[in-house]
Peer 1: 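Dropping the structure in here first, questions after.
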Amino acid sequence: MPSSKEIIETTEKYGAHNYHPLPVVIAKAEGAWVWDCEGKKYLDFLSAYSAVNQGHCHPAIIQALKDQADLVTLTSRAFHNDQLGSFLEQVCKLADMQMALPMNTGAEAVETAVKAVRKWGYTKKQVADDQAEIICCNDNFHGRTTTVISFSSEEQYRQGFGPLTPGFKLIPFGDASALENAIGPNTVAFLVEPIQGEAGVVVPPEGYLKQVREICDRHNVLLVLDEIQTGLGRTGKMFCYQHDGIKPDVLVLGKAISGGVLPVSVVLSSNEVLGVFNPGDHGSTFGGCPLGAAVAGTALNVLIEEKLAERASDLGGRFKDKLQGLTSGKVELVRGKGLLLAVVLKETAGGAREYCEQLMEKGLLCKETHHNIIRFAPPLVIDEKDLDWAFTLIKEILG
Ligand SMILES: *Cc1c(COP(=O)(O)O)cnc(C)c1O
């Protein structure tokens, strides 16, 4: 077997350089732990950006994958398959929604939500052709396709990739009155993350979502929540919006819906909104495939049976307290909910990347977001003693 160093060289030589990974090569994983090619063990504190909430290679999910792989993996939606209906029913009941549309990646699900709310605007809100407007927030992250980057405020995400898709307006995150002011007659939807994960785990002010819900209702604007990262137990509730006692009109899920095994995403909404799609309007060859449906159905069962949302709430609450108790000249602040946490470093502390590299050396895999923020998001199945061990390492580096 080639060494980690050789594998990195081959990857860098033949792969486009659209990522800057830490120099670790993972060859095996189980639960919250991963191993490199030389057999060194690391605690995973990123969980593939919250896609492996259920832990790596969860035995029940892998069994569902193997069992379904022996039967049928892909039919396309030209035919029915025996797995999709029950999976859609399960996810609709979980989110208290009427209808779901399955896709693969998160960005595709966001694209699907954009198409759904635009068509809803034209057919139900009587917005004039091609005039529909969607409001989004500064520092959002919703994926990397051309339309989705069209409403990014991150210069690097857009630069060189134009012409961009029109029809989006940006407002500050966490400012409900900015939403009220931005809404016009052609506004069909407000698309927002309950907590901005990629922006550095930015939590909006208390009561924000409640105000946003009320404003959207008053103006007949659909509230679309992107819970691709915050959903499915991560923040200590099954869905992050449950902290605020509201419900969105459209919910976008991805990542952990398959426990990190396959790309599965869904858009959930009412019959009125998703009913705008007629045969031929939209589709995906792999979206809704029996393999994805079987795996995702099992991955949702694992979240429920193992009470992973409660676990995220308990463990995350205690871990956040510990981080906040750190007396450190390097930490500006600690923020987040459940097991979606971040440490914001002081200007004087230097870049977050170097701390991530030091933590990697010690056996803890974290990833910086922006130059001064480190996100802590382990699999929700992590043992409390492993979290304690991680804290001692973090204390050594940042304390
Ligand atoms: C990861 C992510 C996406 C994009 O998902 P992909 O599967 O990478 O396309 C969209 N929105 C949020 C909030 C995310 O965290």
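This one's a predicted model, so the numbers in the text were calculated from it and none came from an experiment. Whatever order the structure lists ligands and atoms in, that order sets their numbers, starting from 1. We use all heavy atoms of the structure for the numbers below, so side chains are in, but hydrogens, waters and symmetry mates are not.
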Peer 1: Is it true that, when you exclude K307 itself, more than 12 heavy atoms of the residues, nucleotides or ligands shown sit nearer than 6.0 Å to its NZ?
Peer 2: no
Peer 1: Less than 4.5 Å apart, any side-chain heavy atom of D36 and any of E38?
Peer 2: yes
Peer 1: Can you list the residues that meet the ring pair (Phe, Tyr, Trp, His ring centres under 6.0 Å) rule with F286, with sequence neighbours excluded?
Peer 2: none
Peer 1: For D383, which residues count as a salt bridge (charged side-chain N to carboxylate O under 4.0 Å, His left out) partner, sequence neighbours excluded?
Peer 2: K385
Peer 1: At less than 4.0 angstrom from any atom of ligand 1, which residues have a non-hydrogen atom? List them by chain and residue number.
Peer 2: T105, G106, A107, F141, H142, G143, E193, D226, I228, Q229, K255
Peer 1: Side chains of R234 and S50: is there a donor and an acceptor less than 3.5 Å apart?
Peer 2: yes
Peer 1: Which residues pass the ring pair (Phe, Tyr, Trp, His ring centres under 6.0 Å) test with F277, sequence neighbours left out?
Peer 2: H282
